[in-house]
J.: 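This structure is in structure tokens; I'll ask about it shortly.
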Amino acid sequence: MLIKNRKSWELSGRDATPQALYQDRRTILKGMGLAGLAGIAASLHPLARRAALAVGSGLTYADGGHGTDEEKTPYRDVTGYNNYYEFGTGKLDPARYAGAMTTEPWSVKVEGEVENPGTYAVEDLVDFSKLIERVYRLRCVEAWSMVIPWIGVPLKDIITRLGPTSRAKFVQFETLARPSEMRGLSRRVLDWPYKEGLRIDEAMNPLTLMAVGLYGEVLPNQNGAPMRLVVPWKYGFKSIKSIVAIRFVEKQPTTAWLRSAPREYGFYSNVNPDVDHPRWSQRRERRIGEFLKRKTLMFNGYAEEVAHLYAGMDLKKNF
Ligand SMILES: Nc1nc2c(c(=O)[nH]1)N[C@H]1C(S)=C(S)[C@@H](COP(=O)(O)O)O[C@H]1N2
Ligand SMILES: [Mo]
């Protein structure tokens, strides 16, 4: 099922799939099962992404490193058990109800302290010819965790092209809020639309990914289609889904969780076994699919890559 095409970024314009062939493939793709789809999609030029998207098939990507060789959480758990409160607060709700969300067309507003503001299509923000796979641990604040093979681009690549000004110290992200397609919005469990934020150096860290797929496929809606953040050293809620706005700002922006429970959720929310949630310990976690709990690691095990971002900071105060 995994598609590896290490040198996909080396394809030149001349290799572009001719329109007729592209159309043919699209027709072929439509008539095939998933295994066949993956095989064919591996040979598709990134320009055929739209056709691939239309039938929900595979993405072409390179191995991006930063991997973990821990056992991956099964696809059915990754896509069947998670949080996406816009579709309800139960962990089975996203898989059940996120299918109602329309993700094409999709546009993203880029605003604030940035040289290239505007409204962008997903494919204008994410370079689909440079997709990489990264296998990351994701630690939910509720003390469960998964290991997920994400497909995306470093957020850094997107930000660099947008050109933040010297006044941009933070980045705020916002999720779609469309009541007709998101049944969870009828309850005010959070201050919709869902918002999150990062310090600009956190956003530029090579680990921070803008994901458009997982397990070699286009992101399922319940995992945040068509593009979502993955910030693996922070609690899961920082990894905001289905992004419709990116704002570069001078002051630390607000976030949905900070607004609803500031004593429980801080702006930084780095995974930290030494700082308990007011209502439960963060020392241990249950890897989905395992019986015994394991120790939670500082920065979710990514200290080597990110600890320097917080040098000199009191991480008990800045939780
Ligand atoms: N917009 C939005 N993004 C969200 C959430 C949400 O409710 N709404 N939940 C967060 C939480 S708490 C977690 S643990 C992850 C879980 O989803 P994943 O398994 O697809 O990463 O998504 C995060 N992103
Ligand atoms: Mo979470």
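Everything quoted here is computed from the prediction, not taken from an experiment.
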J.: What closest approach, in Å, do Ser239 and Val231 show between heavy atoms, and which atom pair accounts for it?
T.: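 Heavy atoms of Ser239 and Val231 come nearest at OG-N, 3.0 Å.
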
J.: For Tyr310 together with Phe299, are the ring centres under 6.0 Å from each other?
T.: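 Aromatic pair counts; centres sit under 6.0 Å.
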
J.: Within the structure provided, determine whether Pro278 and Glu264 are in side-chain contact (heavy-atom separation under 4.5 Å).
T.: yes

J.: Rounded to the nearest 0.5 Å, what separates atom OG1 in Thr89 from atom CG in Leu190?
T.: 10.0 Å

J.: Any idea which heavy atoms bring Tyr75 and Pro220 closest together, and the distance?
T.: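 Answer, listing the atom of Tyr75 first, then Pro220: OH-CG, 4.1 Å.
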
J.: Let me confirm one number: the OG1-CG distance from Thr79 to Leu219, rounded to the nearest 0.5 Å.
T.: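 One finds 11.0 Å between OG1 of Thr79 and CG of Leu219.
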
J.: Would Leu176 and Trp106 count as a side chain to side chain contact (heavy atoms under 4.5 Å, CB included) here? Give the steps.
T.: CA-CA 10 Å; Leu176 178 75; Trp106 190 275; 3.7 Å; yes

J.: Indicate yes or no: at least one non-hydrogen side-chain atom of Arg178 is less than 4.5 angstrom from one of Trp192.
T.: no

J.: Tell me whether the count of non-hydrogen atoms from other residues, nucleotides or ligands lying under 6.0 Å of NZ in Lys169 goes above 12.
T.: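 More than 12 heavy atoms, drawn from other residues, nucleotides or ligands, come within 6.0 Å of this atom.
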
J.: Kindly compute the distance separating CG (Asn82) from CD1 (Ile148), expressed to the nearest 0.5 Å.
T.: 8.0 Å

J.: For Arg187, does the CZ atom have more than 12 heavy-atom neighbours from other residues, nucleotides or ligands under 6.0 Å away?
T.: no

J.: Quick check for you: to the nearest 0.5 Å, what is the distance between Met146 atom CE and Leu138 atom CG?
T.: 8.0 Å

J.: Within a radius of less than 6.0 Å around CG of Asp69, do more than 12 heavy atoms belonging to other residues, nucleotides or ligands occur?
T.: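 For Asp69, atom CG is not crowded (no more than 12 foreign heavy atoms under 6.0 Å).
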
J.: Minimum heavy-atom separation for Tyr215 to Thr73, with atom names?
T.: OH-O, 2.6 Å

J.: Salt-bridge test for Asp314 and Lys316: reply yes if a basic N is under 4.0 Å from a carboxylate O, no otherwise.
T.: no

J.: So, applying side-chain contact (heavy atoms from CB on, under 4.5 Å) with Met298, which one of Asn270, Val271, Leu315 is it?
T.: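 Among the candidates, only Leu315 passes.
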
J.: Does the side chain of Leu309 reach to within under 4.5 Å of the side chain of Glu202, using non-hydrogen atoms?
T.: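 Sidechains of Glu202 and Leu309: in contact.
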
J.: Tell me whether the NZ or CZ atom of Arg137 lies within the 45° cone about the ring axis of Tyr302 and under 6.0 Å from its centre.
T.: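 Yes; both conditions hold, so Arg137 lies above the ring face of Tyr302.
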
J.: Using modelled atom types only, decide if a donor and an acceptor are shared between the side chain of Ser242 and the backbone of Ala225 within a distance under 3.5 Å.
T.: yes

J.: So do Met227 and Val126 actually touch side chain to side chain, heavy atoms under 4.5 Å?
T.: yes

J.: Salt bridge or not between Glu290 and Arg294? Use side-chain N to carboxylate O under 4.0 Å.
T.: yes

J.: Measure across Ile159 and Pro164 and return the closest heavy-atom pair with its distance rounded to 0.1 Å.
T.: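 For Ile159 versus Pro164, the nearest heavy atoms are O-CD, 3.2 Å.
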
J.: Do the charged groups of Arg283 and Asp276 touch, with an N to O distance under 4.0 Å?
T.: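 Salt bridge between Arg283 and Asp276, a charged N being under 4.0 Å from a carboxylate O: no.
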
J.: Is there a chain of hydrophobic side chains (I, L, V, M, F, W, Y, each step under 4.5 Å between heavy atoms) that links Trp144 to Val275?
T.: no

J.: In Å, rounded to the nearest 0.5 Å, how long is the span from NZ of Lys195 to CZ of Phe173?
T.: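 Interatomic distance, Lys195 NZ to Phe173 CZ, rounded to 0.5 Å: 14.0 Å.
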
J.: If the plane angle is over 60° it's perpendicular, under 30° parallel, otherwise tilted; pick one for Phe237 and Tyr235.
T.: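 The rings of Phe237 and Tyr235 lie parallel, inter-plane angle below 30°.
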
J.: For Glu70 and Arg287: C-alpha separation, side-chain torsions, deciding distance, then whether salt bridge (Lys or Arg N to Asp or Glu O under 4.0 Å) applies.
T.: CA-CA 11 Å; Glu70 287 170 277; Arg287 181 66 49 83; 3.0 Å; yes

J.: Give a yes-or-no answer on whether the side chains of Tyr81 and Arg76 include a donor-acceptor pair shorter than 3.5 Å.
T.: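 No, no side-chain donor-acceptor contact under 3.5 Å.
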
J.: Mind running side chain to side chain contact (heavy atoms under 4.5 Å, CB included) on Asn223 and Leu214 for me, showing each step along the way?
T.: CA-CA 9 Å; Asn223 296 98; Leu214 55 78; 3.7 Å; yes

J.: Using a 4.5 Å cut-off on heavy atoms from C-beta on, say whether the side chain of Arg161 contacts that of Asp124.
T.: no

J.: Step by step, work out the side chain to side chain donor-acceptor pair (under 3.5 Å) result for Arg96 and Gln222.
T.: CA-CA 8 Å; Arg96 212 176 271 156; Gln222 60 267 36; over 6 Å; no

J.: Do the non-hydrogen side-chain atoms of Phe87 and Met101 ever get within less than 4.5 Å of each other?
T.: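 In contact.
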
J.: What's the verdict on side chain to side chain contact (heavy atoms under 4.5 Å, CB included) for Met210 and Ile243, showing C-alpha distance, side-chain angles and the deciding distance?
T.: CA-CA 10 Å; Met210 185 67 88; Ile243 295 169; 3.8 Å; yes

J.: Output all residues satisfying side chain to side chain contact (heavy atoms under 4.5 Å, CB included) with Ala177, sequence neighbours left out; order by chain, then residue number.
T.: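 For Ala177, the residues satisfying side chain to side chain contact (heavy atoms under 4.5 Å, CB included) (neighbours in sequence not counted) are Leu185, Pro193.
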
J.: Dump the intermediate steps for side chain to side chain contact (heavy atoms under 4.5 Å, CB included) on Asn318 and Phe267, then the final yes or no.
T.: CA-CA 8 Å; Asn318 298 287; Phe267 177 78; over 6 Å; no

J.: Taking the side chain as every heavy atom from C-beta outward, state whether Leu162 and Leu125 have any atom pair closer than 4.5 Å.
T.: yes

J.: Salt bridge or not between Glu142 and Lys91? Use side-chain N to carboxylate O under 4.0 Å.
T.: yes

J.: Looking at Lys295 and Glu285, what are the two nearest heavy atoms and their distance?
T.: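 Here Lys295 and Glu285 meet closest at O-OE1, 4.2 Å.
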
J.: Are any of the side-chain heavy atoms of Asp157 and Met204 separated by less than 4.5 Å?
T.: no

J.: Would you please name every residue forming a side chain to side chain contact (heavy atoms under 4.5 Å, CB included) with Val249, sequence neighbours left out?
T.: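 For Val249, the residues satisfying side chain to side chain contact (heavy atoms under 4.5 Å, CB included) (neighbours in sequence not counted) are Phe170, Arg247, Pro253.
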
J.: Are Glu174 and Lys109 ion-paired here, with the side-chain N under 4.0 Å from a carboxylate O?
T.: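 So Glu174 does not pair with Lys109 through a salt bridge.
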
J.: Which heavy atom of Pro206 sits nearest a heavy atom of Tyr136, and at what distance?
T.: O-OH, 4.3 Å

J.: Hey, quick one: are Phe319 and Leu198 part of the same hydrophobic cluster, counting side-chain heavy atoms closer than 4.5 Å, chains of contacts allowed?
T.: no

J.: Taking atom types as modelled, find out whether Glu181 and Thr102 have a side-chain donor-acceptor pair closer than 3.5 angstrom.
T.: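 There is such a pair (donor and acceptor under 3.5 Å, judged by atom type) between the side chains of Glu181 and Thr102.
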
J.: How long is the straight-line distance from CE of Met182 back to CG of Asn221, given to the nearest 0.5 Å?
T.: 9.0 Å

J.: Before accepting this row, confirm whether a basic side-chain N of the pair Arg167/Glu113 lies closer than 4.0 Å to the acidic partner's carboxylate O.
T.: yes

J.: Quick check on side chain to side chain donor-acceptor pair (under 3.5 Å): which of Lys234, Lys317, Arg199 does Tyr268 satisfy it with?
T.: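 In the set Lys234, Lys317, Arg199, the residue that makes a side chain to side chain donor-acceptor pair (under 3.5 Å) with Tyr268 is Arg199.
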
J.: Transitively linked via ILVMFWY side-chain contacts under 4.5 Å: Trp280 with Trp257?
T.: yes

J.: Which side-chain N or O atoms in residues 149-156 pair as donor and acceptor under 3.5 Å with protein atoms at least two apart or in another chain?
T.:
none

J.: Do other residues, nucleotides or ligands put more than 12 heavy atoms under 6.0 Å from Arg259 CZ?
T.: no

